[in-house]
Amino acid sequence: MNVYIVIAIAVSIAVGFKTKYNIGLFAMTFAYLIGCFGLGLKPSAVIALWPIGTFFVIFSVGLFYNFATVNGTMDKIASHMLYTTRNFPDFLPLVIYLASVIVAAMGAGFFAVMAVFVPMTMILCRRAHQNRLVGAMAVNWGALSGANLMTSGSGVIFQGLLVENGYSDVAFVYGIPIFLVTVIYPIVMLLGYILIRRITSSGKSEKLIVEKPQPFDAKQKQTLFLILLTIVIVLLFPILHLLFPANSFITMINAHVDIGLICIIMSVISLFLHLGNQKEVVEKVPWNTIIMICGMGMLIKVAIKAGLIRIIGQWIGTNIPVFWLPMGIALIAGVMSFFSSTLSVVAPSLFPVVAAMCAANPALNPAILFASVVCGAQSSNMSPFSSGGSMIQGYCENDDERNWLFPRQIFIGVPVCMISASVSCLIMSILAR
């Protein structure tokens with residue numbers, strides 16, 4: 001039965017990639033066929049495998065942050081940041097990265113940030129005589145790592161997966177190393193690139209020509225306030241609980257703080273403040289992402305019931321030494337993500353593997369291993385066959401630029417990202433000892 005499940009996962013990914021249809025739909029089909037006719041589950045039991053917690057979090061967070069997208073707040077933030085740093089063209093890749101991180105962390109989400117920043121980055125790199133591949137990598141890194149913030153799109157998804165795998169009490173805390181490692185290592189890489197470029201005098205620095213953006217209007221200021229208030233509420237009490245674990249009041253409040261429900265409240269407030277059109281905001285909810293993640297989640301739960309995840313976890317734990325485990329997991333996740341999505345395929349597949357390994361060997365550090373999964377999976381996102389790389393291809397100015405980038409994404413971007421991410425996971429593991 002486990003062989004059929006592996007084939008089902010592979011077929012779901014392959015057919016979805018080939019046809020451009022949602023992978024989650026194929027995964028749900030196989031979950032029903034294998035679950036009911038292979039494992040003898042009742043249809044109601046298969047339907048109950050739908051990860052309702054993950055669904056609600058993605059829906060509610062996406063709904064709230066869509067107000068900022070609809071009323072132009074996110075675009076305005078990006079424009080102001082680029083204008084402020086226009087006099088430092090040598091640091092353009094780092095500026096683009098930090099701007100992408102901040103906008104993504106404020107809830108714009110990976111795809112929205114890529115859609116806004118990639119076309120702008122290509123233009124700016126041409127004007128500043130900067131390498132377009134490096135600019136594209138900076139946007140991709142920034143959009144991914146910013147969205148990994150515990151209160152942002154990908155961050156809440158990872159926390160939902162942690163809850164699904166039995167880590168509900170520490171889901172937020174385990175989200176911290178995921179965010180930190182994916183934010184820090186790109187900064188080191190970009191600073192190294194800037195240093196080498198200045199030493200070798202590659203390219204001529206010119207002041208960037210960026211139009212001065214208009215100031216935030218009243219609705220955009222109100223939207224910014226609600227976003228910052230949400231971030232403060234969601235971050236404050238978990239941090240206070242870490243500092244004062246014996247305080248019963250803080251413990252009680254922290255136990256009832258839920259980002260999904262808070263975002264629903266903020267969405268209601270946004271509607272009454274007329275910060276965006278309800279129909280447009282609802283339409284922009286990432287329904288495709290929800291179907292992909294939840295559909296694949298159902299198939300992965302079928303795999304768990306069949307014992308496949310336990311077998312994979314035992315194989316990895318037996319064949320990879322503990323010291324090299326973070327790097328090994330990062331590389332495995334990177335290879336898996338070359339043709340598939342981190343959120344809908346790799347993380348839902350490998351998080352249960354890590355949970356099984358840690359249950360079998362309590363000496364392992366689950367926080368480090370979960371972070372290694374995400375860091376490794378996102379490192380190959382530059383591939384033209386993956387979500388980030390394909391968007392970069394789609395936003396190229398013309399076929400010449402597209403053809404120039406394609407082989408460089410595969411043979412330079414992906415190896416550089418995967419190696420640096422894997423080494424970072426190893427360093428993170430050493431520092432955590």
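Contact record, Ser168 with Val163: CA-CG2, 3.9 Å, taken as the closest heavy-atom pair. Smallest separation of non-hydrogen atoms from Val183 and Ile187: O-CG1, 3.4 Å. Of all heavy-atom pairs between Ile300 and Ser349, the closest is CD1-OG, 3.4 Å. What you find for Gln159 and Ala171 is that their closest heavy atoms are CG-O, 3.6 Å. Looking at every heavy atom in both residues, Ser60 comes nearest to Ser267 through O-OG, 4.4 Å. Between Ser380 and Gly334 the shortest heavy-atom distance is OG-O, 2.6 Å.
Taken from OG in Ser44 to CG in Leu49, the straight-line distance is 10.0 Å, to the nearest 0.5 Å. Interatomic distance, Leu405 CG to Ile410 CD1, rounded to the nearest 0.5 Å: 11.0 Å. Rounded to the nearest 0.5 angstrom, Met28 CE and Leu299 CG are separated by 10.5 Å. Distance check, rounded to the nearest 0.5 Å: CG of Leu369 to OG of Ser429 gives 7.5 Å. A distance of 12.0 Å separates CD1 of Ile227 from CD of Gln222, quoted to the nearest 0.5 Å. Note: Met296 CE to Ile291 CD1 = 13.0 Å, rounded to the nearest 0.5 Å.
Heavy atoms of other residues, nucleotides or ligands lying less than 6.0 angstrom from NZ of Lys219 number more than 12. Glu280 CD: more than 12 foreign heavy atoms inside a 6.0 Å radius. Around CZ of Phe56, the count of heavy atoms belonging to other residues, nucleotides or ligands within 6.0 Å exceeds 12. Heavy atoms of other residues, nucleotides or ligands lying less than 6.0 angstrom from OH of Tyr21 number 12 at most.
The salt bridge (charged side-chain N to carboxylate O under 4.0 Å, His left out) contacts involving residues 45-67 comprise nothing, where partners must be two or more places apart or lie in separate chains. Residue pairs meeting the salt bridge (charged side-chain N to carboxylate O under 4.0 Å, His left out) criterion with at least one partner in residues 161-188, sequence neighbours excluded, are Glu164-Lys301.
At distances below 3.5 Å, not a single donor-acceptor pair connects side-chain atoms of Asn148 with backbone N or O atoms of Gly155. Remark: side-chain polar atoms of Ser152 are paired, donor with acceptor, to backbone N or O of Ala104 under 3.5 angstrom. A donor-acceptor pair is defined here as one N or O able to donate and one able to accept, closer than 3.5 Å; such a pair exists between the side chain of Asn165 and the backbone of Leu161. Looking only at distances, a side-chain donor or acceptor of Asn71 sits under 3.5 Å from a matching main-chain atom of Phe67. With hydrogens and angles disregarded, a donor-acceptor distance shorter than 3.5 Å links the side chain of Thr182 to the backbone of Ile178. The closest donor-acceptor contact from the side chain of Asn66 to the backbone of Lys284 lies under 3.5 Å.
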Given the rule in the side-chain contact (heavy atoms from CB on, under 4.5 Å) test, do Trp324 and Ser422 qualify, once you have shown the distances and angles that lead to the verdict? CA-CA 10 Å; Trp324 299 105; Ser422 300; over 6 Å; no
Test side-chain contact (heavy atoms from CB on, under 4.5 Å) on Thr223 and Ser270; report intermediate values, then the result. CA-CA 8 Å; Thr223 304; Ser270 298; over 6 Å; no
Could you please spell out the steps behind the ring pair (Phe, Tyr, Trp, His ring centres under 6.0 Å) verdict for Phe158 and Tyr174? CA-CA 9 Å; Phe158 296 138; Tyr174 280 10; over 10 Å; no
Report the C-alpha separation of Leu94 and Leu98 in whole Å, then their side-chain angles, then the decisive distance to 0.1 Å, and conclude whether the side-chain contact (heavy atoms from CB on, under 4.5 Å) test is met. CA-CA 6 Å; Leu94 186 60; Leu98 294 175; 4.2 Å; yes
After noting the C-alpha distance and the side-chain angles of Phe406 and Asn403, does the key distance pass the side-chain contact (heavy atoms from CB on, under 4.5 Å) rule? CA-CA 5 Å; Phe406 189 89; Asn403 294 334; 5.7 Å; no
Could you walk me through whether Ser145 and Tyr185 pass side chain to side chain donor-acceptor pair (under 3.5 Å), step by step? CA-CA 10 Å; Ser145 58; Tyr185 90 82; over 6 Å; no
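Residues Thr69 and Val281 form no side-chain contact, since every pair of their non-hydrogen atoms from C-beta on lies 4.5 Å or further apart. In this structure, Leu275 and Gln220 have side chains that are not in contact, with every pair of non-hydrogen atoms separated by 4.5 Å or more. Residues Lys42 and Cys36 have side chains not in contact (no heavy-atom distance under 4.5 Å, counting atoms from C-beta outward). Between Thr342 and Leu144 the shortest side-chain heavy-atom distance does not fall below 4.5 Å. In this structure, the side chains of Leu226 and Phe64 come closer than 4.5 Å at one or more pairs of heavy atoms. In this structure the side chain of Met418 reaches within 4.5 angstrom of the side chain of Val335, judged on heavy atoms. Residues Leu190 and Trp141 meet the side-chain proximity criterion, which asks for heavy atoms closer than 4.5 Å. The shortest side-chain heavy-atom distance between Ser372 and Met428 falls under the 4.5 Å cut-off.
Legend: residues meeting side chain to side chain donor-acceptor pair (under 3.5 Å) with Asn254, ordered by chain and number and at least two apart, are absent.
Below 30°, between 30° and 60°, or above 60°: for Phe351 and Phe370 the angle between ring planes is between 30° and 60°, a tilted geometry.
Both the sub-6.0 Å distance and the 45° axial angle are satisfied by Lys76 relative to the ring of Phe216.
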